[in-house]
2 protein chains.
Amino acid sequence: MMDEPAVERLRAAGLRPTRQRVQLVELLFSDGHRHMTAESLHADAGAAGVQVSLATVYNTLHQFTEAGILREVVVDASRSYFDTNTGDHQHFFVENDGTLIDIPGDEIAVSGIPTPPKGHAVDRVDVVVRIRKN
Amino acid sequence: MMDEPAVERLRAAGLRPTRQRVQLVELLFSDGHRHMTAESLHADAGAAGVQVSLATVYNTLHQFTEAGILREVVVDASRSYFDTNTGDHQHFFVENDGTLIDIPGDEIAVSGIPTPPKGHAVDRVDVVVRIRKN
DNA sequence: TCAACAGATTAGAATAGTTCTAATCCCGTG
DNA sequence: CACGGGATTAGAACTATTCTAATCTGTTGA
Ligand SMILES: [Mn+2]
Ligand SMILES: [Mn+2]
Ligand SMILES: [Zn+2]
Ligand SMILES: [Zn+2]
């Protein structure tokens, strides 16, 4: 059948390859990893000639996150960030301009995490190194 | 002059000891450390008979944070958390119920943080261990 | 002691990010 | 090619937070 890679990727994730999803996948995964916000992705889509509503951008970000092809990064209490890099890594967060920079997972390490309270399991360990321009 | 401790603390922080601030300080610092949300603090204040508007709770949380007697903890993209423990420590975040648990700063350690990009300085390193009830 | 003023509080309106609704659309199957 | 269920969408709704502008109160100096 030789589907395009974007269509492949959606099928693999169990998502119907609609025009919007295919174009968003192409935008997101064609050229290295990227960090985004719903608004920033919607703007980038518009700039790239991809016609998609903000509601669909939100839906898509959540579906992709659930499907494991995106991950959510919590660094700011007022905005959700998403990341095309779902591998083991952490972040610098530039507080001045709201920018994220990857820290490879094999460079950084967290030690001495106590045993979680009884009946709880660790889901994920997030490190955010907050930096500022000076 | 022998001011009450709450009044002392506010003076030391350069804040006028108004009725609302004094009562909030008493609520916040009388009995061990606590984590809170603007809404939860407003509710607790009400329950304790402290009459204060939600706007003042928000103002106060931000002023206290700026003054260094509270710190903000970013764990959830949709709500701001504050912490009376301003010392060196990290958190478990129970994703099921939105609860925070302290991890003492001398138990946990982060190593291998790369040098920040030129012209940037590290402000703080935050670790969030996300856990869930099972 | 108290007038006066700057800072603080407040109710309610406004804002911003996100989610919801319910009407329309379109992908996949037969 | 018709159909059915999932997907998209505009716009309304929602929620946390901030703003506004009127009122109040802590502080100070006469
Ligand atoms: Mn979300
Ligand atoms: Mn804030
Ligand atoms: Zn990343
Ligand atoms: Zn804490």
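These numbers were taken from a predicted model, which means no experiment stands behind them. Computed over heavy atoms, backbone and side chain alike; hydrogens, waters and symmetry mates excluded. In what follows, chains carry the letters A, B, and so on, assigned in the order in which the sequence lines appear, proteins first and then strands, with residues in each chain numbered from 1.
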Item to check | Whole-Å distance separating the CG atom of L54(B) from the P atom of dA8(C) | outcome: 18 Å
Next on the checklist: Please confirm whether the shortest side-chain N or O distance from H62(A) to OP1 or OP2 of dT19(C) is below 4.0 Å.
Outcome noted: yes
Checklist entry - When the distance from CG of L10(B) to P of dT25(D) is rounded to whole Å, what number comes out? => result 17 Å
Checklist entry - Quick one: E39(B) CD to dT15(D) C1', roughly how many Å, whole number? => result 9 Å
Checklist outcome for this item: Atom CG of D76(A) and atom C1' of dA16(C) are separated, to the nearest Å, by 12 Å
Next on the checklist: Less than 4.0 angstrom from a charged side-chain N to a carboxylate O is my criterion; do R34(A) and D83(A) meet it?
Outcome noted: no
Next on the checklist: Counting only side-chain nitrogens and oxygens, does R21(A) get under 4.0 Å of the OP1 or OP2 atom of dA7(D)?
Outcome noted: yes
Next on the checklist: Categorize S78(A) for me: base, sugar-phosphate, or nothing, with a 4.0 angstrom heavy-atom threshold over every strand shown.
Outcome noted: sugar-phosphate
Next on the checklist: If you compare every side-chain N and O of Y58(A) against the phosphate oxygens of dT19(C) (OP1, OP2), does one of them come in below 4.0 Å?
Outcome noted: no
Next on the checklist: Check the phosphate of dA8(C) against Q63(B), side-chain N and O only, distance under 4.0 Å to OP1 or OP2. Yes or no?
Outcome noted: no
Checklist entry - Quick check: does any side chain N or O of R19(B) sit under 3.5 Å from a backbone N or O of V52(B), one acting as donor and the other as acceptor? => result no
Checklist entry - So, is Q51(B) near the phosphate of dT9(C), with a side-chain N or O under 4.0 Å from OP1 or OP2? => result no
Next on the checklist: Using a 6.0 Å distance limit plus a 45 degree cone around the ring axis, check whether R9(A) lies over the aromatic ring of F29(A).
Outcome noted: yes
Next on the checklist: Of the options dG28(C), dT9(D), dT17(D), whose atoms approach the side-chain atoms of P17(A) most closely?
Outcome noted: dG28(C)
Item to check | Contact nearer the 5' end of DNA chain D, comparing T37(B) with R11(B) | outcome: T37(B)
Item to check | T65(A) side chain to L61(A) backbone, donor-acceptor under 3.5 Å | outcome: yes
Next on the checklist: Can you see if the side chain of T18(A) gets near the phosphate of dT8(D) - specifically, an N or O under 4.0 Å from OP1 or OP2?
Outcome noted: yes
Checklist entry - Expressed in angstrom and rounded to an integer, what is the separation of Q23(A) atom CD from dC26(C) atom P? => result 13 Å
Checklist outcome for this item: Rounded to whole Å, CG of N59(B) lies from P of dA16(D) at a distance of 18 Å
Checklist entry - Does V52(B) or R19(A) map to a spot on DNA chain C nearer the 5' end, using the closest nucleotide for each? => result V52(B)
Checklist entry - Rounded to whole angstroms, how far apart are CG on L41(B) and P on dT17(D)? => result 12 Å
Item to check | R16(B) CZ - dA8(C) C1' separation (whole Å) | outcome: 7 Å
Item to check | Sidechain-backbone polar pair: Q23(A) side chain, A48(A) backbone, donor-acceptor under 3.5 Å | outcome: no
Checklist entry - Which is true for R79(B) with a 4.0 Å heavy-atom rule: it touches a base, it touches only sugar-phosphate, or it touches nothing? => result sugar-phosphate
Item to check | Minimum heavy-atom distance T56(A)-Q20(A), with the two atoms named | outcome: CG2-CB, 4.2 Å
Checklist entry - With respect to the phosphate group of dT18(C), does any side-chain polar atom (N or O) of S80(A) fall under 4.0 Å of OP1 or OP2? => result yes
Next on the checklist: By the 4.0 Å heavy-atom rule, please label T56(B) as base, sugar-phosphate, or nothing.
Outcome noted: base
